[in-house]
Amino acid sequence: MIQVKAVRFDDKGHWRDQAHRSSMQGLGESWEKGVSCYIEDGTGKGLLQLYEYAVQYRGVQMPSDVQGQQMTVFAGEYHGAQEGTGSDGEDLVYCTRTLAQIDAVEVMRALMAAMEAAEDTQIDEGHDRQWLEHQQLRICAGYLASIQAMRR
């Protein structure tokens with residue numbers, strides 16, 4: 001078991017802290033072994049995966065598309081590959097403590113604006129895909145750092 005921090009989107013009022021379990025594909029019929037989420041190791045990778053999931057798989061095109069939702073940041077226990085992955089390929093973590101609950105519209109507004117600016121710079125200055133991915137990780141890591149600074 002490894003202690004980790006993780007991020008996910010939830011409907012406001014539905015997060016149950018240590019008692020939370022995710023249903024497979026959000027259908028509420030069968031339950032996963034933990035909380036489906038993306039592990040955040042401080043590099044921005046987990047938040048970038050959550051952002052990409054929202055945009056690519058859930059079809060989020062503007063911040064208002066996540067109205068009524070929150071980004072939940074929590075600490076938990078990751079038991080590794082033996083526990084499997086979430087039904088959409090996410091990590092599965094057992095929550096030990098909620099760290100933050102932030103309005104998802106605010107999160108997506110900040111990330112979408114910063115991602116768009118990075119993509120524009122990539123095109124304008126002729127940077128490659130690797131440059132863009134590095135910028136996206138920096139954006140996500142910076143956003144998480146700003147959340148931590150606000151919570152102190």
Side-chain angles (χ1 to χ4, degrees), residues 2-12 14-15 20-28 31-81 83-95 98-151:
I2 302 168
Q3 296 295 318
V4 298
K5 290 182 181 174
V7 294
R8 61 174 281 118
F9 282 133
D10 291 291
D11 289 336
K12 288 182 179 177
H14 288 250
W15 176 248
H20 195 89
R21 292 294 174 272
S22 296
S23 62
M24 293 193 178
Q25 298 182 330
L27 301 176
W31 301 92
E32 300 190 289
K33 294 182 182 181
V35 178
S36 57
C37 58
Y38 295 96
I39 294 174
E40 178 49 60
D41 59 5
T43 65
K45 182 181 176 186
L47 182 54
L48 181 56
Q49 288 175 310
L50 179 64
Y51 173 83
E52 289 173 342
Y53 171 78
V55 171
Q56 294 172 6
Y57 297 101
R58 291 184 48 203
V60 173
Q61 295 179 2
M62 52 186 31
S64 62
D65 291 343
V66 291
Q67 189 71 38
Q69 296 185 329
Q70 67 185 32
M71 180 179 75
T72 306
V73 183
F74 66 97
E77 299 173 351
Y78 176 64
H79 294 261
E83 291 291 328
T85 60
S87 57
D88 288 328
E90 321 93 310
D91 299 309
L92 286 178
V93 174
Y94 295 92
C95 176
T98 302
L99 302 174
Q101 297 176 73
I102 302 143
D103 185 80
V105 172
E106 174 188 322
V107 173
M108 291 304 285
R109 182 179 297 126
L111 293 180
M112 288 178 134
M115 296 296 186
E116 184 177 320
E119 290 168 3
D120 289 347
T121 300
Q122 177 199 21
I123 292 167
D124 293 346
E125 297 179 7
H127 296 291
D128 62 11
R129 180 73 187 152
Q130 186 176 9
W131 178 90
L132 180 61
E133 290 170 359
H134 177 74
Q135 296 306 309
Q136 290 172 326
L137 286 171
R138 286 186 54 223
I139 290 164
C140 290
Y143 186 80
L144 289 170
S146 72
I147 292 169
Q148 290 175 349
M150 289 186 302
R151 303 283 181 205

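The salt bridge (charged side-chain N to carboxylate O under 4.0 Å, His left out) search around Asp65 returns none, not counting sequence neighbours. A search for side chain to side chain donor-acceptor pair (under 3.5 Å) contacts involving Tyr53 returns Asp88, not counting sequence neighbours. For Ile2, the side chain to side chain contact (heavy atoms under 4.5 Å, CB included) partners two or more places apart in sequence, or in a different chain, are Val4, Tyr78. Under the rule for a side chain to side chain donor-acceptor pair (under 3.5 Å), the partners of Glu125 that lie at least two apart in sequence or sit in another chain are His127. The side chain to side chain donor-acceptor pair (under 3.5 Å) check on His134 picks up nothing, with sequence neighbours excluded. Partners of Ala114 according to the side chain to side chain contact (heavy atoms under 4.5 Å, CB included) rule, which considers only residues two or more places apart in sequence or in another chain, are Ile139. Legend: residues meeting salt bridge (charged side-chain N to carboxylate O under 4.0 Å, His left out) with Lys45, ordered by chain and number and at least two apart, are absent. Remark: Glu77 engages no residue in a salt bridge (charged side-chain N to carboxylate O under 4.0 Å, His left out) (not counting sequence neighbours). Considering only residues two or more places apart in sequence or on other chains, Phe74 meets the ring-ring contact (aromatic ring centres under 6.0 Å, His included) condition with Trp15. Looking at residues two or more places apart in sequence or on another chain, you find a side chain to side chain donor-acceptor pair (under 3.5 Å) between Gln70 and Thr72, Gln101.
Residues Ile102 and Glu106 share a closest heavy-atom pair of CG2-OE2, 3.7 Å. Nearest approach of Trp131 to Ala118, heavy atoms of both residues: CZ3-O, 3.5 Å. The two residues Thr98 and Cys95 make their nearest non-hydrogen contact at N-SG, 4.3 Å.
Here the NZ atom belonging to Lys12 is positioned 11.5 Å from the CG atom belonging to Asp10, to the nearest 0.5 angstrom. Annotation: the span from Ile147 atom CD1 to Leu47 atom CG amounts to 7.0 Å, rounded to 0.5 Å. Between atom OG of residue Ser64 and atom CZ of residue Arg109 there is a gap of 9.0 Å, rounded to the nearest 0.5 Å. Summarising the geometry, atom CD belonging to Glu40 is positioned 15.5 Å from atom CZ belonging to Arg8; distances are rounded to the nearest 0.5 Å. Annotation: the span from Leu132 atom CG to Leu137 atom CG amounts to 10.0 Å, rounded to 0.5 Å.
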*Take Val60 and Met112 through the side-chain contact (heavy atoms from CB on, under 4.5 Å) test and state the conclusion after the steps.*
CA-CA 10 Å; Val60 173; Met112 288 178 134; 4.0 Å; yes
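Side-chain N or O atoms of Asp11 include none that pairs as donor or acceptor with a backbone N or O of His14 at under 3.5 Å.
Contact check for Met115 versus Cys140: side-chain heavy atoms found under the 4.5 Å cut-off. The closest side-chain heavy-atom distance from Leu92 to His79 is not below 4.5 Å. Contact check for Tyr51 versus Met108: side-chain heavy atoms found under the 4.5 Å cut-off.
At most 12 heavy atoms of other shown residues, nucleotides or ligands fall within 6.0 angstrom of atom CD in Gln130.
Within the structure, side-chain hydrogen bond (donor to acceptor under 3.5 Å, both in side chains) pairs that include any residue of residues 112-122 do not occur (at least two apart or interchain). Within the structure, the salt bridge (Lys or Arg N to Asp or Glu O under 4.0 Å) test picks out the following pairs touching residues 128-143 (sequence neighbours left out): Arg129-Glu133.
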